[in-house]
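In what follows, a structure is listed as structure tokens, so that the remarks can point back to it.
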Amino acid sequence: MRTDSSPQTIFRKDYLPPSYLVDTVELGFDLDPARTIVANRVTLRHNPLSKSRDIVLHGEELELVQLRMNGKPLQAGQYELNGNTLTIRKAPLAVVLEIETLTAPAKNTTLSGLYVSNGNFFTQCEAEGFRRITYFPDRPDVMAKYTVMLRADKALYPVLLSNGNLVEQGELDDGRHYAKWEDPFKKPSYLFALVAARLVCQEERYTLQSGREVLLQVWVEEGNLDKTDYAMQSLKNSIRWDEERFGLELDLDRFMIVAVGDFNMGAMENKGLNIFNTKFVLANPRVATDVDYAGIEAVVGHEYFHNWTGNRVTCRDWFQLSLKEGLTVFRDQEFSADMIGTDSGRAVTRIDQVRTLRQAQFPEDAGPMAHPVRPDSFVEINNFYTVTIYEKGAEVVRMYQTLVGRDGFRKGMDLYFARHDGQAVECDDFRAAMADANGRDLSQFERWYSQAGTPVVRAETRYDAAAKTFDITLRQHCAASADQQQLPFHIPVAVGLLGADGRDLPLKTDAQDRQGHATVVLELRREEQTFRFHDIAERPTPSILRDFSAPVVLEYDYSDAELLHLFSHDSDPVNRWEAGQRLAMARLLKLTAAVAAGAPLTLDDTFIAAQRALLVDDSLDPAFRELALILPSETIIAERMAVVEPQAIHTARQFMRRTLAAALKPELLAQYHANQTPGAYSPDALSAGKRALKNLALAYLLIAPREAELALARRQFAEAGNMTDRAAALVALIHSGSDAGAHLHSFYQDFEQEALVVDKWFAMQAAAPGTDVAAVRQLMEHPAFTLKNPNRARSLIFNFTNGNPSQFHAADGSAYEFWAEHVIKLDALNPQVAARLARSMDRWRRYTPALQAHMQRALERVAAHARLSNDVLEVVSKALAGAQ
Ligand code: TRP
Ligand code: ZN
């Protein structure tokens, strides 16, 4: 909660080095849910880079019991306790502080700092949670060595874990025991962690490529030991992959993953002790879907890869967050792609990344919370763990690889570690390593870090039949934001040219290198540039921005014929998919306009035929076909409209789905049967792709079902051997409106003991087109619903506000009232989660005047609430103030 009157904005330009550095931290915990005593002995030394001799410590919601400096108790007048900082002025050059504080973990509903989840103790310190455990210079550029002594009741908390190595353990009086842990590596406070719990583990000794043996553990509650295999396998794959691709070895003898049911985010990379949301650890075929399995692989990889990109080399300040997050997302994306191993599998992961960017990052970059990959200011850092920092940040890292090549990228990484191991650095240091290792001038590339917004690249082409040249002119612009004039970006634009037979033409450009390739990377640096291709015998169809080589919007006046050509032939699967999306989007926008105007709706046979041809093309990966058949989402359509009318979008998209379903019925049915995956469940990409295509077919078949289609779904629901198929059948039945109630009931009965499946049960109802706000309110009355558990709150509320646009934007504004009410309620419990929900209103100014009026009222209601966290206050005030 806010303690002072108005929230402070923190600016990157105000960075000052810490006045004191910390060498060692010795922490002692006497763990008790109601009253935990934390003893902190910290050795500090003046930082020669700082002019100040004041020691500044952060602390939040702590009760200070004792403070000693160099052995002597400090009296009230010898330090200042002001809000959330404790300052000792004019301190000696070398200082030992002994600080004793009290906290109440059981009352900590924020899930930041030390808290209790299902009777067990956990910590979450990123970004600024360590200050809720003890007074400390809680900033990432203060790196220290930690020793941790844990004491707790042995029966209640048989397992005591912290970072690094276990060096001692034993019994104490009164049924208590202790464990002492030592982390051999310097680390910032945000990487501290402890767990004191009743848990069990799957463990394994694993031999690194160097021959060194390490101990790997996955810790879960007892009933979940049958769900740890995939996380363990993913961890071993991650370790091997980082050795092979980047030459990076696990630097500890022991590496632990712990699952917790109450968690604000996906997982956390604490040194040697990764703490995970159960959602990204627990899986077996009965309870987890293919998407869950893929999520586990990606997140286990992500947190493991942080050990080098984040932990060994960390961030100087939180403005540099993307230094570790963008890079680590890129690494986990590459890991997941390499695990599939095929080119088409790799393309499918790439298409998924593009979808996420368009669904979430482009809107963010155009809305009131838009910020550069390296922000210049923030009020609450927790609000900046965004798709821009993570996903756009990963795109920025990917562009280096596109510009300097895979080998060049590896050289840059090697130089980055050679220069900065053990340091807290800036995004600029990473860019410098990439530039220096490759002898490249990447100064203009800096704008990807400093300028917000999605650049638009407009392409025009000119074919000269006599000269046999083909010119592509690229013009870039990026809407200036309120406080920023945009300068041209350095944009890699991968291009191929298709001949009339659909094959790639060998490319000959003015540049001397890379002649004869099917794809060349054009480097757009100026506002406008023309690139010439030679010896082009016929007018080609350009395939621009292959593999989505830059996070931009590409505008080109493709004819339908050109798009159909690309959709059936492009050798670049991403652009092949993209051509289909363009064909669909053009029609969806027309249909939406027709709905709004009350005009008749039609869909052309050409489009239907193209969809049919793709659906039945068995030479294509089923996973690719599934993606190519998914129509642009209602959110993505909305982003393309000047004034958003959610009901019209929904009606238009439903019309297209219904028309396709009716026209393609025999083919859909054939694909449904052809893509069955009998036998034991395996989450591999090929099987998952078949299930995805089969279940897409099922969803289409159930749009206007006859008894035969309903029987298919009922049978799949009853007989499915895995959660992917069971859940897909249930969703199809819910959407069809046919006996959904009975199936929902039986599903709940079967899985009520499985929290993650109950989350799915809420989520699928929240996102169903028939679920209005009254139905959501009723679901909140269900005994299994609670606002205190983030996964549960998200499953129902977020899936409604973000995943069910036509109901959320009900004309009477009733769902906005619901939103306001729950932002306020959640804020009192957990500001981080509340602020995420607050973001559902980001794009409010783009809706019809009537909806806008309702949304503004709801936003103002939240903003006017008396005790609001900085988290929510920042989001709603930016929404109300923003011009977009
Ligand atoms: N660093 C974590 C990751 O990306 C993110 C994270 C986990 C986090 N828990 C958090 C960020 C709590 C803010 C608050 O893997
Ligand atoms: Zn991360």
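Numbers here simply count residues along the sequence, with the first being 1. Indexing begins at 1, ligand by ligand and atom by atom, following the structure's order.
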Would you call Glu128 and Arg139 a salt bridge, taking side-chain N to carboxylate O under 4.0 Å as the test?
->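 So Glu128 does not pair with Arg139 through a salt bridge.
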Can you name the residues that form a side chain to side chain donor-acceptor pair (under 3.5 Å) with Asp290, not counting sequence neighbours?
->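 Result, side chain to side chain donor-acceptor pair (under 3.5 Å) vs Asp290: Tyr681, Arg691, Thr724.
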Results of side chain to side chain donor-acceptor pair (under 3.5 Å) for Asn120 - residues two or more places apart only =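 None.
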Write down, by chain and number, every protein residue that brings a non-hydrogen atom to less than 4.0 Å from an atom of ligand 1.
->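 The answer is Gln124, Glu126, Phe263, Met265, Ala267, Met268, Glu269, His302, Glu303, His306, Lys324, Glu325, Asn382, Tyr385, Tyr390, Gln832, counting any residue whose heavy atom sits under 4.0 Å from ligand 1.
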Take the Zn ion (ligand 2) as the vertex and measure to OE2 of Glu325 and NE2 of His306; round to 10°.
->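 An angle of 90° at the metal.
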Qualifying residues under side-chain contact (heavy atoms from CB on, under 4.5 Å), relative to Glu426, sequence neighbours excluded =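 Partners of Glu426 under the side-chain contact (heavy atoms from CB on, under 4.5 Å) test: Arg316, Gln320, Asp429.
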Are Lys145 and Phe185 in a cation-pi contact, defined as NZ or CZ under 6.0 Å from the six-membered ring centre and within 45° of the axis?
->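 Here Lys145 fails the 6.0 Å and 45° test against Phe185.
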Taking atom types as modelled, is there a side-chain donor on Tyr390 or Gln361 under 3.5 Å from an acceptor on the other?
->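 Result is no, nothing qualifies.
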